[in-house]
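Start at 1 and go down the list; that is how both ligands and their atoms are numbered. Fair warning: this is a prediction, and the values are worked out from it, not measured in the lab.
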Amino acid sequence: MKIRTIETFILRVPLGEKRFYSSQAAFPERSSFLVKITTEGGLVGWGEGGQYGPPEPPATCVERVLAPQLIGRRADEPVRIFEDLYAFSRDFGQKGTYIEALSAIDIALWDLWGKSLGKPVHALMGGAFRSAVPAYGTGCYYPDHYRDTERMLRELGEEARGYRAAGMMAIKLKIGLVPIALDAERLAVVRNAIGPDVALMVDANHAYTSASAIRMGRALERHDVLWFEEPVPPEDRQGYRRVRDAIDVPVAGGECEYTRFGFRDLLLGECIDIAQPDLCCSGGFTEWTKILALTSSFGVLTLPHVWGSGVAVAAALQAIAVAPPIPFTAAGVPLQNEPMIEYDRTHNPLRDDLLTEKFSLVEGALTIPTGPGLGITVDEKKLARWVVTTPDR
Ligand code: CA
């Protein structure tokens, strides 16, 4: 089973009036970078690389640098290939673009390997702890008209009530774009809308200094918030530790971290209670299994960060299937010792319409695909609608 071709796809969907804000930026579009690897025998594997960043750098990295090294190699050696390519790019690519490119290749190779054996990726990684996983809704972003406070608060309440009505047992609110007092008001609106039984998390996308994060943390304590995600910039390890020591809300992070080496440092730095590696950024399934080994040894619950297309959602579902309860109990409790899957609820056709299969919530949970590989089929006719070609590529 040798690699014959590696194709890259940059996908873009403008959001028009549906654009929204996190603490960091407006989102005028959704984009994804996909890789399709085909073997000499005609088997096909799909992978995705990157998340918030532009898709061109990892695409160029695959096309110009990594793919030429892989043509003709055995496709059923994803772990060895990751190590070889990481060793090749270590001196200049320990984080960022190269690891995103490696992640896309790794996911596609595991998909291929599973398809060649007729088994889902979770079976190749050693067996699933669960067949479905409760989902938490990532939404409650800031609208384009976030300066119209009254309207923003009214619509926020409506959005949060919608998630509750859809059967979600947990939702995540964005914070950090506006002053702490207004975010505390938003928090109260959402808590009132969902009631005491739906779990509530917040995500600052590293908007604060540790001092501001601790002030925000006091408001989070009052509203029974389950975790405070990315309170401070990812490089500020000491800030993470200060926040974690000062407030009675667990601290989550890791979506901007790469490989087992990055997570080793977050764990040794005592920065996080919950680790959130993104499969498409942190090194695919190969690094996921190694990150899990580290986090489980530190007693840290590990939930994938998920933001991309349907391929990224499928990869995260395969990955979460093999995350053990931390610690073990006879009947796991979601978000206590059992993982939940992040389920982005903002408008994104690349997530909802790219695959032949549909992800849908059943009693608040997503089913883990059991078909070979990732267990999904990319609809290439639909894919063609969103592919962007540029003259120099
Ligand atoms: Ca986040």
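Taking the six-membered ring for Trp, F20 and H145 have ring centres at least 6.0 Å apart. Taking the centre of each ring, Y141 and Y146 stay at or above the 6.0 Å mark.
If you look at the Ca ion (ligand 1), the protein N, O or S atoms less than 3.0 Å from it are D203 OD2, E229 OE2, E255 OE1.
Between R74 and D76 there is a salt bridge, since a side-chain N of the basic residue sits under 4.0 Å from a carboxylate O of the acidic one.
Taking the ring axis of Y240 as reference, the NZ or CZ atom of R242 does not stay both within 45° of it and closer than 6.0 Å to the ring centre.
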When you look at R260 and S282, which way does the side-chain hydrogen bond (donor to acceptor under 3.5 Å, both in side chains) test go after all the steps?
-> CA-CA 8 Å; R260 78 197 94 141; S282 58; over 6 Å; no
Please walk me through it: do W227 and Y136 pass ring pair (Phe, Tyr, Trp, His ring centres under 6.0 Å)?
-> CA-CA 12 Å; W227 79 59; Y136 74 80; 5.3 Å; yes
